[in-house]
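Numbers restart at 1 for each chain; the letters A, B, ... are given by sequence-line order, proteins then strands.
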There are 2 protein chains.
Amino acid sequence: MGSARITAYDVAKAAGVSQPTVSRVFSRSASVDPAKAERVRAVARELGYIPNLVARSLNSGNSFRIGIVLAYLKNGFFGEALQDLSKALNKQGYSVTVYFAGNSSDEVDAIVDDLLADQVDGIVLASISLSNALVSRVRKSGIPCVLFNRGQSDPGTSMVTASNFEGGKQATEFLIKAGHKRIAHLAGWRKALNGVDRRDGFLAAMESAGLNPLACVDCHFRRNVAMEETRKLFAQNEVPDALFVANDHMAFGVLEVLREELGLRVPEDVSVIGYDDAPMASWKTFDLTTVRQPLRQMIDATANTLLNEITNPSCAPEKIEIPGELIVRGSARIPTGTARPKAQT
Amino acid sequence: MGSARITAYDVAKAAGVSQPTVSRVFSRSASVDPAKAERVRAVARELGYIPNLVARSLNSGNSFRIGIVLAYLKNGFFGEALQDLSKALNKQGYSVTVYFAGNSSDEVDAIVDDLLADQVDGIVLASISLSNALVSRVRKSGIPCVLFNRGQSDPGTSMVTASNFEGGKQATEFLIKAGHKRIAHLAGWRKALNGVDRRDGFLAAMESAGLNPLACVDCHFRRNVAMEETRKLFAQNEVPDALFVANDHMAFGVLEVLREELGLRVPEDVSVIGYDDAPMASWKTFDLTTVRQPLRQMIDATANTLLNEITNPSCAPEKIEIPGELIVRGSARIPTGTARPKAQT
DNA sequence: GTCGCGCATGGGGACGCTCCCAATCCCTGT
DNA sequence: ACAGGGATTGGGAGCGTCCCCATGCGCGAC
């Protein structure tokens, strides 16, 4: 019942005005006599009229929809990011459609086709593991696009990341200041710029302290791989006394191996520092010292950059780095002289 | 550059056919001479033509978009659900747009307006905490809608849930069989049917075993509330020896309080059972015995039900319950005679 | 050989809206 | 009182696609 949608024409008829006038009332594109506008609005409310965004899109060329391409949502970090991004963009009148990309090149092509068919006004590429092929195909499409938390050395595309190099350096310096000498890094993924930057920050800090990394292994940002590498590290002659792990998700697994399997105490036997400040990091179970990714600011920067590119297509791509912050909790030994801040949530 | 999108008309001109013929080739709506169709496809590929879904929507009245309304994505369970649902619907040619609802009634109205404006073909209401006002407003809109994992006693709306009553009963019986007598339930939310059903399953199992619940408190599905209630329970004279917690997210918090704050051993001092089988439940850190929500099947049922309602608007609403399964791990004492299965992941 | 049936095709008209433009109206200044 | 100008309004033409319908063509059957 009532399946017949009310159109602007119906409202116009009922309000005794022309259809374009109704359109003007709802799109504020031009001036309308205030009294008449109010009458139109009243009639529209009564009839339950809501402008049809599809028709508006077709006509105006703007769909007011943003596509966000993800690979996984299990990480938690991306779930939160999606939620915040959606809210930020909704506030500007855009809705967010999700696209999940696998890694096969067929899928990549299909996703770009979907994005084009859906006429999205802008694209956020949000998962680290998205293939580079996707980035270049998206770019070729000419649709404004921002890489979120997913660096790539493509100079033509805007991107927003945390200051990963600085963050890695900061975490490592914290470990060094606490007196650790045998420090290892469980790295992210050598093909993802944010993993690489964190690693480089680690290496730089080690070098300027005159220390040799005990190890520095690629873990693909995968929990299971990080756990396995941890086992290997502690099966060797010289075992680490501190680990810098490239994200929290892996760090949780590392903590599990250290405590449950190897019976080590954290931080007495081994210090652990993660990266992200995922919600779980503050749980007492983990109490993980970590580098916070300032999600809210990254989201805001992403939304602003994207909207800016949409509004102003000729503007140059931006590379934005948002500085992080070391959140000191209980999983890493605290350098003497550093006041441990009160519990940070 | 190249910002001028290719249209069916361009393809038609280049291929020497009429525009409707191009349309027919891409919508397979009617027969086209195979040779000609192939030529059209070749030209289209060369020109980079992709049918404009917006125009198709306007014309056909179907947007081929589904709206999914969520409250939170931090839980993890919903993130996974969103991902699976999106993939399932994409396979049928639908894309998924997300809408985040707060609880204020203004927001609810705004979301329904957005859904209507966007002309979504169907709606999935996916978060437990969505207000009932939203459900009834969506229903009034006449757009096909399925409640996912979020029961409500609205007979007019389809819903897909786990067999929450059975699950609650099963978990409780497991505790009883293990010899527990002082069993408490940290319940979900009294306004959400799946929380209520789990609770009722708990109560039914207790009653038929002739036991009185030590406690049964509403925790709103919130981790912090569950933690606080746990502290209160163990501050009393008679303390529980087993807890059935209405979801895993809360159970993780409960475990934390028991181990870290109260210094209790699990399951030696207290058994804990959760609900959901969230990915983290299998981590050795938690090793949580829990009732699995068969996500994949629930998603499939949701997608099928929704698509069925879209295709066939007059069909009766369906209430689908997917049976769960108790996943036995280490957080609850195991009844003698029950072989503990090998580690389940 | 002619008639007829059926598939393939193009023309024209929506879908609901926005934009451009011309027409109208009222108000002000002289 | 009249001309001029600004604000307001309606008409009409699309936006890119799919659907209805009429036409045309080929082939089989009588």
Write out a two-atom table: protein N or O, nucleotide N or O from nucleotides 7-9 of chain D, distance below 3.5 Å.
unit_1: D:dT8; atom_1: OP2; unit_2: A:S31; atom_2: OG; d: 2.8
unit_1: D:dT9; atom_1: OP1; unit_2: A:K36; atom_2: NZ; d: 2.9
unit_1: D:dT9; atom_1: OP2; unit_2: A:D33; atom_2: N; d: 2.9

Report task. Quick one: sort the A:F148 and A:F78 rings into parallel, tilted or perpendicular, breaks at 30° and 60°. Result -> perpendicular

Query raised in the report: What integer distance in Å separates A:F64:CZ from C:dC17:P?
Result: 15 Å

Query - Value in whole Å for how far the C1' atom of C:dC17 lies from CG of A:N62 - result: 13 Å

Query raised in the report: To the nearest Å, how far apart are A:L58 CG and C:dG16 P?
Result: 12 Å

Report summary line: To the nearest angstrom, the CG-C1' distance between B:N52 and C:dC15 comes to 13 Å

Query raised in the report: With a 4.5 Å limit on heavy-atom distance, are the side chains of A:I68 and A:L70 in contact?
Result: yes

**Report entry** Integer-rounded Å distance: C:dA14 C1' and B:Q19 CD
**Finding:** 13 Å

Query raised in the report: How close or far is atom P of C:dC15 from atom CZ of A:R56, stated in whole angstroms?
Result: 19 Å

Query - Polar side-chain contact B:Q119-C:dC15 base: donor and acceptor under 3.5 Å - result: no

Query raised in the report: Which nucleotide sits closest to the side chain of A:A55: C:dG16, C:dG10, D:dG16?
Result: C:dG16

Query - Under-4.0 Å side-chain N/O to phosphate OP1/OP2 contact, B:Y9 with D:dC18 - result: no

Requested in this report: Taking only the side-chain nitrogens and oxygens of B:S23, find out if one of them lies under 4.0 Å from OP1 or OP2 of D:dC18.
Outcome: yes

Report summary line: Checking C:dC17, C:dG11, D:dG16 against the side chain of B:T7 (C-beta onward), the nearest is D:dG16

Report summary line: Given the options B:T97, B:V124, B:L115, B:V69 meets side-chain contact (heavy atoms from CB on, under 4.5 Å) only with B:L115

Query raised in the report: Are A:D300 and A:T302 close enough that a side-chain donor and a side-chain acceptor fall under 3.5 Å?
Result: no

Query raised in the report: Rounded to whole angstrom units, what separation is found between the NZ atom of B:K13 and the P atom of C:dG11?
Result: 14 Å

Query raised in the report: Side chains of B:S86 and B:D84: do they bring a donor and an acceptor to under 3.5 Å?
Result: no

Query raised in the report: Does a side-chain heavy-atom distance below 4.5 Å link A:N194 with A:F221?
Result: yes

Query - Gap between atoms CD1 and C1', on B:I50 and D:dT17 respectively (whole Å) - result: 15 Å

**Report entry** Listed partners of A:E309 passing salt bridge (Lys or Arg N to Asp or Glu O under 4.0 Å), at least two apart
**Finding:** none

